[in-house]
Every structure is written in C-alpha cells, then in structure tokens.
K.L.:
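Shown below is the structure under consideration.
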Amino acid sequence: MNVFKGFRRQLLALLDGMVAAGELPAGLDTARVTVEPPREASHGDMSTNAAMVLAAQAATTPRELAPRLARRLETVPGVTAAAVAGPGFVNLSFAPAFWQAQVAAVLRAGTAYGAGTLGAGRPVNVEYVSANPTGPLHAAHARGAVVGDALANLLEKAGFTVSREYYINDAGSQVETLARSAFLRYREALGEEIGEIPAGLYPGDYLKAVGQALAERDGGRWRDQPESVWLPAIRDFAVDRMMAGIREDLALLGIGITVFSSERALVAAGAVQAAFEELSARGLVYQGVLDPPKGKKPDDWEPRPQTLFRATAFGDDVDRPLRKSDGSWTYFANDIAYHLDKFRRGFTVLIDVLGADHGGYVKRMQAATSAITGGEATLDVKICQLVHLMDQGRPVKMSKRAGTFVTLRDVLDEVGRDVVRFIMLTRRNDQTLEFDFARVTEQSKDNPVFYVQYCHARCRSVLRHAAQDLPAAALTAEALAGAPLHRLAGVEEMALIRILAGWPRLVEAAAEAHEAHRVAFYLHDLASAFHTLWNKGKDDTTLRFLSADDPELTLARLALVQAVAMVVASGLAVIGVEPVEEMRS
RNA sequence: GCGCCCGUAGCUCAACUGGAUAGAGCAUCUGACUACGGAUCAGAAGGCUGGGAGUUCGAAUCUCUCCGGGCGCGCCA
C-alpha cells in the first residue's frame, strides 16, 4: 500500500475531528490536500500542505492554522514530530519502526509489492506500434512499442484491466503499393528480368521472399492477369506475410499485444458507415469548403465542397474531411470508426502511442473521440519523439533508398531485448532520445541498464553467500519478514527503506500520468541508494550485510537486501526486463 | 504563415501535474577501493529554468508575448 495515501486518510480523519470540535468550519474542501515526501530529506519523512490549502476556507492564515494542525498530528501513533516550516507546510517525522515495517511489507508481498487498487479493474485501451504492414519494423518503431507495452504493464500493476492493441492499416493506398511491389518480385521469382524498381514502389529486398513464396504457392497464375484481378489477392498475401514478420519481431522484443484490428475488416463490416451515421445523427457532419492551407501553396488546390466533421466544435483548428473525392472514406474516418469500436467494446479510457510525425493528428482524433462517444471517452495520445541511432557518438547513417535503414531485428541482434526496452524508457516520450550502440552495452555506471541490473545481481550475490555461510538459517522472504528489523537504523539503510516504501506511490503517480519512464528513473535512484550502502561497507566493515558475530543484524540486513531485489525485479517487470542473477563478463 | 511538442548546470536529462534552498548522471577538479562480485563510492565546483510581462501565499510547471529547435499542415496513412 501507499504509505503517503494511507497517512492522508488519517490526516483527513483528524481534520474531521477538528471540525467536530469546532476548530474548523464544516464543509471543508480537502481535495487539494496532499501528503508527500518532502523534497529535502532533512525536512522529515512526510509533508502536508493542508494548512495552506485550508487556511482561506477557515478564514485564517496558513501560519496560524499550521501549528494547531501540527499539535494534533503529533498525537498520531508513529509520528515523532510535526513541525511547521516555510509558508505553512507541516513536516512530519516517523519512528524508525514505521519505516522498518515497510521492509516486512515488501517481503510479504514479493514482486506484487506496489501493485495498486487505483485502477479498480477499470478497462483501459492502449494502442501502440500500429506500423503500416508494408515492411519490417525498423529501429524507430521500437520506441513506441516499448513505451506502449511498458505503459500497459504499469497500468495493469496499478489495477487497471488493459487491452493491448495494434491497428493494422491494411486498407489504404500504401498496401496497394505493397501489392504492386510484391507483384514485381513475384515476376522476378518466375524468372523475369525486372531491372530497377520503379519510383513509387517499395525497393526493399525483404519483398523478394514474398514474391518467391507467392510463386511457389500460385505458380504463374497471376502473371498475365490485369491488376484488378491480382491486386486484392497479392495484397492480402503480402500483408499477411508482413504482419507475420512484424509479430515475430514484436515477440522477440517481448511486446504483449493481444488484439490486432484490421482496418480493412472494420470497413468491410460497415463500421465506418456506422460511425459516420453516429456523427451525422449528432449533427456534426456537413458539406463545406475549407480554406486553403496558409503559407503552404499546393499548386493543384481548388475550392471543393467536401464531407466534413465539425472538429472545431471540439477544440480542433479546422473541420476535417471524412470522404475523399472518389467517395471513399479518408484514413481519419476509418480511424474514428476504430476508436468508436474501442468505446463500444467498453473502453472509456483510450491511449494511443504514436510517432512524432503524427503530432498534427492528435487534436482531430481527440475531437472525434469526444464527439462520437458523447464525451464519455477520453483519448490520451503519447507522441514518441525521434530516436537518434548513434555508434560511439557518431550518427548511424540511414537511408531507405540506399537500403541501409536499421531494422528492429538488427538492433535486437546487436544489443538484446533488455537493453532496448530499458533504454527506450530513459527519456520522456516527448523528448528525442539518443541510442548509442556502444554506450548502451558498456558495463559502467554511465549505462543505466547495467547500473540497475548490477544492483539486482549484487543483492542476489549477497543472498547466495548468506545461504552458504548460514546453512541453518531460514532465509526465505517469509522468514526474513520476521527478522529483527529494528536493527536497520543506519542513515543509509533508512534512506534505502524510504525509497523502497515510495514504490507503491510511484506506481500510482506514473500510472495516473501515463508515464512509464518514471519507473526507469525510480530504479536508477533505488540502485544508487543501494550502491551507496554497499560501498559504505567497503570503508566500514561494520556496515557489511553479512556480519559473522551478529546473526540478528545479519538477518535484518538480509531482509533489506531481499526487499531491494524484489522491488528492483518488480520495477524491471513493468519495463519488461528480466532481472539477472549475476553479471556475465 | 498556422498548429502541436520542446527549450532546465559545459553535455545528456529529472523534478511526484502549483510547493520549501530546481535535482541526478556524464565531463572537470579532490579523495577512497589488495575486493560479501572489478566494472564503484565520497566530496567540490557548476543555474536569472531561452528573454520579458501576468495570475497568487508560492511558478520550471498555468496565461500572454517575443527568441530558438523539432514535427505536421485539404481528398497520404
């Protein structure tokens, strides 16, 4: 459980008591009252802004209310001091036993420690990757894949029921281009000389295998047919092949997408028509003419009446077309249908993880989501900025034309799944990220993956040593939960325990903000506190975890070490990284 | 030209959604390490949070306005 939230409940009860005693007016709005760890450790263990938030309502000043509050707070069991500071904060200190008990809580919960009830089982829909099925995933896709997957893990840990989804864009012109490109490779496989790949078609070698497979399956039956005959069949064939490859790559990266939705199937099922009618029924569709885009002057622009969605009524800048001039649906219309589909499947919290090039798409999709669900569903869009691939500080040159673009598979082969997953979360999603092949694999504290893994490995190492040295002792987590934890009184030990106790709170806050990267930063902090303690033991042997002449202290410290290992493992699980038992050389 | 994202230590980035003296890691100096697992640790220095104005008890965070970078900009997806 989240100890800060727990104490906030006690604080609110205490405020009720003050109201009952006539010390505060009834009907207080306590929504903005917070209990948090103070920024400065020297300020105490917890801090509340209650006096500042409530002073105006109580017709007094923060500095007057705070001491009255502090006096009451000092009577709460476990609280050793309540001091007024700054503009009216009340800083609280707790007895060591309060924190030491958290170690036992970790040990009893295991890697489930931090799992929360915040979500209360409510459904959340996370859509990510959704790469066009026109080629293999490349390195840039890895970021969205990891961000989405870790976010899904995080939300699950916080108690939400999560659906992980991939939207297959198999209905547009790009998959037709794929079909034509594959057809060319098919003719090539049948022995034809195809020469240069014409501009506008996909040149990648990966299509050779598609052409080959098609030739093996169907022989020459398509070769002399008109495009209208072979295109649908070859398109479907090629898309299936591409998706098979993509699923394989995702599996290698450990991405747990379970729902794959086909745009084509959605259209075929009439979902777009239904969504269109829904919008029409709400009076949000009209025929109109848009202004030409400012500043940019398309040569072929001419005013033309279109079927438009009134996106401006929901915060977008302009109304958006739903139909192309040939009468078919725009990509946007299809996507509205998909989001409506999510809503109809019971999701009111929708999250899309998209690439940087979709930044301009956010407003209209949020507008559409709000419109078509009557405001019942909200859409949060996480835009993932670019990944700059580097090697030893130099950019890795990438060119699709020259065929040197780096695939996801290349990156995985080079550095492995765990490194990719962790590094992708070492920046906020909306910041560009540098991915340096040399740096992310080096074994030093510069490398956060290594740093955190090393922390876990050190913990496990200590526990292995303990098992050898103390064959008679019960060293299971359950047994260690009963260790004499009051012996954990060192400054560094207490600091470490406070960080451990902050894990449930971090899970909640990160889940609420939809920001999985916070887990990576937290793990780095935790590892840092652990390495600090470890190194203290080098200088001062009385601080070592294993103390031959003090078995009780040893047990208490082993409990702490075990708890650290568990929380690290639990955080790594959210990121999707396997904790290691030892560092391979 | 318009919209969105961003701008924080020399570099790469945090900052618990409005809290206290803005924090880490590199790099730079100064020290510790013949070992529970070497790839670490302790300390120093480094800032007008791009500039300016506003909102209030309080702003890196919200508003406005400039400056600088990225992405996008009718019937591509």
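Every chain is numbered from 1, with letters handed out A, B, ... down the list of sequences. Values in this document were obtained by computation on a predicted structure and should not be read as measured data.
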K.L.:
Would you indicate which nucleotide in B:A77, B:A39, B:U12 comes nearest to any side-chain atom of A:Phe450?
P.N.:
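From the listed options, B:A39 comes nearest.
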K.L.:
Within less than 4.0 Å of OP1 or OP2 of B:C33, is there a side-chain N or O belonging to A:His531?
P.N.:
no
K.L.:
Identify, with sequence neighbours excluded, every residue that meets side chain to side chain contact (heavy atoms under 4.5 Å, CB included) alongside A:Asn132.
P.N.:
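For A:Asn132, the residues satisfying side chain to side chain contact (heavy atoms under 4.5 Å, CB included) (neighbours in sequence not counted) are A:Thr134, A:Asn169, A:Gln174.
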K.L.:
So, is A:Arg458 close to the B:G37 phosphate, meaning a side-chain N or O under 4.0 Å from OP1 or OP2?
P.N.:
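For B:G37, neither OP1 nor OP2 has a side-chain N or O of A:Arg458 closer than 4.0 Å.
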K.L.:
Identify whether NZ of Lys or CZ of Arg in A:Arg427 sits under 6.0 Å from the centre of the six-membered ring of A:Phe435 and within 45° of that ring's axis.
P.N.:
no
K.L.:
At 4.0 Å (heavy atoms only), tell me whether A:Arg428 reaches a base, stays on the sugar-phosphate, or touches nothing.
P.N.:
sugar-phosphate
K.L.:
Can you check B:U17 for me, syn or anti if syn means within 90° of 0?
P.N.:
syn
K.L.:
Just to be sure I understand the rule, does A:Glu581 reach a base, reach only the sugar-phosphate, or reach nothing, if contact means heavy atoms closer than 4.0 Å?
P.N.:
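It contacts base atoms.
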K.L.:
Stacking between A:Phe89 and the base of B:A20 (centre distance under 5.5 Å, interplanar angle under 30°)?
P.N.:
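Yes.
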K.L.:
Once you apply a heavy-atom cut-off of 4.0 Å, does A:His517 come out as touching a base, just sugar-phosphate, or nothing?
P.N.:
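A:His517: backbone/sugar contact only, no base atoms under 4.0 Å.
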K.L.:
May I ask you to verify if any side-chain N or O of A:Lys363 is less than 4.0 angstrom from the OP1 or OP2 atom of B:C2?
P.N.:
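Result: no.
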K.L.:
Using the P atoms only, state how far B:A27 lies from B:A22, rounded to an integer number of Å.
P.N.:
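Comparing P positions in B:A22 and B:A27 gives a spacing of 26 Å.
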K.L.:
Mind checking if A:Ser173 touches a base, just sugar-phosphate, or nothing, with heavy atoms under 4.0 Å?
P.N.:
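Touches sugar-phosphate only.
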K.L.:
If the condition is ring-ring contact (aromatic ring centres under 6.0 Å, His included), which residues does A:Phe332 pass it with, not counting sequence neighbours?
P.N.:
none
K.L.:
Roughly how far apart, to the nearest Å, are B:G46 and B:U12 at atom C1'?
P.N.:
15 Å
K.L.:
Which nucleotide in the list B:G37, B:C36, B:G19 gets nearest to the side chain of A:Ser461?
P.N.:
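Ranking B:G37, B:C36, B:G19 by closest atom to the A:Ser461 side chain puts B:G37 first.
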K.L.:
Should A:Arg364 be listed as having a side-chain N or O under 4.0 Å from OP1 or OP2 of B:C4?
P.N.:
no
K.L.:
Could A:Arg505 and A:Phe4 be counted as a cation-pi pair, given that NZ or CZ must be under 6.0 Å from the ring centre and within 45° of the axis?
P.N.:
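The answer is yes; both the distance and angle limits are met.
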K.L.:
Using the P atom as the reference point in each nucleotide, state the distance between B:C64 and B:C4 in Å, no decimals.
P.N.:
9 Å
K.L.:
Return the value, rounded to whole Å, for the distance between atom OH of A:Tyr331 and atom P of B:C76.
P.N.:
14 Å
K.L.:
Side chain of A:Gln385 only, please: which of B:G37, B:A15, B:C5 is the nearest?
P.N.:
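Among the listed nucleotides, the one closest to the side chain of A:Gln385 is B:C5.
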K.L.:
Under 3.5 Å, is there a donor-acceptor pair between the A:Asp352 and A:Tyr128 side chains?
P.N.:
no
K.L.:
Using the C1' atoms only, state how far B:C41 lies from B:C33, rounded to an integer number of Å.
P.N.:
8 Å
K.L.:
How does each nucleotide of nucleotides 42-50 of chain B score, in 5' to 3' order, for protein heavy atoms under 4.0 Å: base (B), sugar-phosphate only (S), or none (-)?
P.N.:
S--------
K.L.:
Around atom CZ of A:Arg464, are there more than 12 heavy atoms from other residues, nucleotides or ligands closer than 6.0 Å?
P.N.:
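More than 12 heavy atoms, drawn from other residues, nucleotides or ligands, come within 6.0 Å of this atom.
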K.L.:
Give, for atom NZ of A:Lys382 and atom CG of A:Asn429, the distance between the pair rounded to the nearest 0.5 Å.
P.N.:
5.0 Å
K.L.:
Identify, with sequence neighbours excluded, every residue that meets side chain to side chain donor-acceptor pair (under 3.5 Å) alongside A:Thr48.
P.N.:
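None.
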K.L.:
Output yes when at least one side-chain N/O atom of A:Tyr454 is less than 4.0 Å from OP1 or OP2 of B:A39, else no.
P.N.:
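Result: yes.
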K.L.:
From CG of A:Leu523 over to P of B:C13, roughly how many Å is that when rounded to an integer?
P.N.:
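My rounded result for the distance is 20 Å.
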K.L.:
Taking ring-ring contact (aromatic ring centres under 6.0 Å, His included) as the test, write out the residues that go with A:Phe521, two or more places apart.
P.N.:
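Expected list: A:His517.
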K.L.:
Specify the separation, in whole Å, of atom CG of A:Leu470 and atom C1' of B:C36.
P.N.:
12 Å
K.L.:
Output the single nucleotide from B:A77, B:A14, B:A15 whose closest atom is nearest the side chain of A:Glu263.
P.N.:
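Of B:A77, B:A14, B:A15, B:A77 is nearest to the side chain of A:Glu263.
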K.L.:
For A:Arg458, enumerate each residue passing the side chain to side chain donor-acceptor pair (under 3.5 Å) test, keeping only those at least two apart in sequence or located in another chain.
P.N.:
A:Tyr454, A:His531
K.L.:
Taking any heavy-atom pair under 4.0 Å as a contact, classify A:Ala85: base, sugar-phosphate, or nothing.
P.N.:
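The residue A:Ala85 makes base contact.
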K.L.:
Among the candidates B:C16, B:A20, B:G3, find the nucleotide nearest to the side-chain atoms of A:Arg505.
P.N.:
B:C16
K.L.:
Output the single nucleotide from B:C76, B:C36, B:G37 whose closest atom is nearest the side chain of A:Ala457.
P.N.:
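Ranking B:C76, B:C36, B:G37 by closest atom to the A:Ala457 side chain puts B:G37 first.
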K.L.:
Which comes earlier along RNA chain B counting from the 5' end, the contact point of A:Phe332 or that of A:Arg460, where each point is its nearest nucleotide?
P.N.:
A:Arg460
K.L.:
For RNA chain B, whose closest nucleotide is more 5', that of A:Ala171 or that of A:His465?
P.N.:
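It is A:His465, whose closest nucleotide lies nearer the 5' terminus.
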K.L.:
Is A:Arg460 salt-bridged to A:Glu582, cutoff N-O under 4.0 Å?
P.N.:
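Judged by the 4.0 Å cut-off on N to carboxylate O distance, A:Arg460 and A:Glu582 do not form a salt bridge.
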K.L.:
Only counting residues at least two apart or in another chain, list the ones meeting ring-ring contact (aromatic ring centres under 6.0 Å, His included) with A:Phe309.
P.N.:
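In terms of ring-ring contact (aromatic ring centres under 6.0 Å, His included), with neighbours along the sequence ignored, A:Phe309 is linked to no residue.
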K.L.:
Over how many whole Å does the gap from A:His524 atom NE2 to B:A15 atom P extend?
P.N.:
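Result: 15 Å.
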K.L.:
Rounded to the nearest angstrom, tell me the gap between atom CG in A:Leu433 and atom P in B:C13.
P.N.:
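Answer to the nearest Å: 8 Å.
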K.L.:
Looking at the side chain of A:Gln306, which of B:G37, B:A77, B:G74 is the nearest nucleotide?
P.N.:
B:G74
K.L.:
A:Arg518 has a side chain; which of B:C16, B:C36, B:A20 sits nearest to it?
P.N.:
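For A:Arg518, the side-chain atoms sit closest to B:C16.
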K.L.:
Should the side chain of A:Asn334 and the base of B:A77 be counted as holding a donor-acceptor pair, with the cut-off at 3.5 Å?
P.N.:
no
K.L.:
When the distance from CG of A:Asp335 to C1' of B:C76 is rounded to whole Å, what number comes out?
P.N.:
13 Å
K.L.:
So if I define the base as every atom that isn't primed, P, OP1 or OP2, how would nucleotides 55-60 of chain B read as a B/S/- string at a heavy-atom cutoff under 4.0 Å?
P.N.:
---B--
K.L.:
Which part of the nucleic acid, if any, lies within reach of A:Leu546 when heavy atoms closer than 4.0 Å are counted: base, sugar-phosphate only, or nothing?
P.N.:
base
K.L.:
Taking only residues two or more places apart in sequence, or in another chain, which ones meet A:Thr542 in a side chain to side chain donor-acceptor pair (under 3.5 Å)?
P.N.:
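A:Thr542 satisfies side chain to side chain donor-acceptor pair (under 3.5 Å) with A:Asp540 once adjacent residues are dropped.
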K.L.:
Can you list the stems that RNA chain B is part of, where a stem is at least 3 pairs in a row, each Watson-Crick or G-U, with both distances below 3.5 Å?
P.N.:
B:1-5 with B:69-73, B:10-13 with B:23-26, B:28-32 with B:40-44, B:50-54 with B:62-66
K.L.:
At under 4.0 Å between heavy atoms, what does A:Ser47 touch on the DNA or RNA strands: base, sugar-phosphate, or nothing?
P.N.:
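Base contact - A:Ser47 has a heavy atom under 4.0 Å of at least one base atom.
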K.L.:
List in chain and number order the residues that pass side chain to side chain donor-acceptor pair (under 3.5 Å) with A:Ser93, two or more places apart in sequence or in another chain; answer none if no residue qualifies.
P.N.:
none
K.L.:
Using a 4.0 Å heavy-atom cut-off across all strands, classify A:Ala513 as base, sugar-phosphate, or nothing.
P.N.:
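Counting heavy atoms under 4.0 Å across all strands, the contact made by A:Ala513 includes a base.
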K.L.:
Listed by chain and number, what are the ring-ring contact (aromatic ring centres under 6.0 Å, His included) partners of A:His456, not counting sequence neighbours?
P.N.:
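Partners of A:His456 by the ring-ring contact (aromatic ring centres under 6.0 Å, His included) criterion come out as none, since no residue qualifies.
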K.L.:
Say you pick atom C1' in B:A42 and the same atom in B:G47; how far apart are they, in whole Å?
P.N.:
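Looking at atom C1' only, B:A42 and B:G47 are 24 Å apart.
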K.L.:
Would you kindly give the CG-to-P distance between A:Asp316 and B:C73, to the nearest whole Å?
P.N.:
14 Å
K.L.:
Can A:Phe4 be classed as stacking with the base of B:C16, given a centroid separation cut-off of 5.5 Å and a plane angle cut-off of 30°?
P.N.:
no
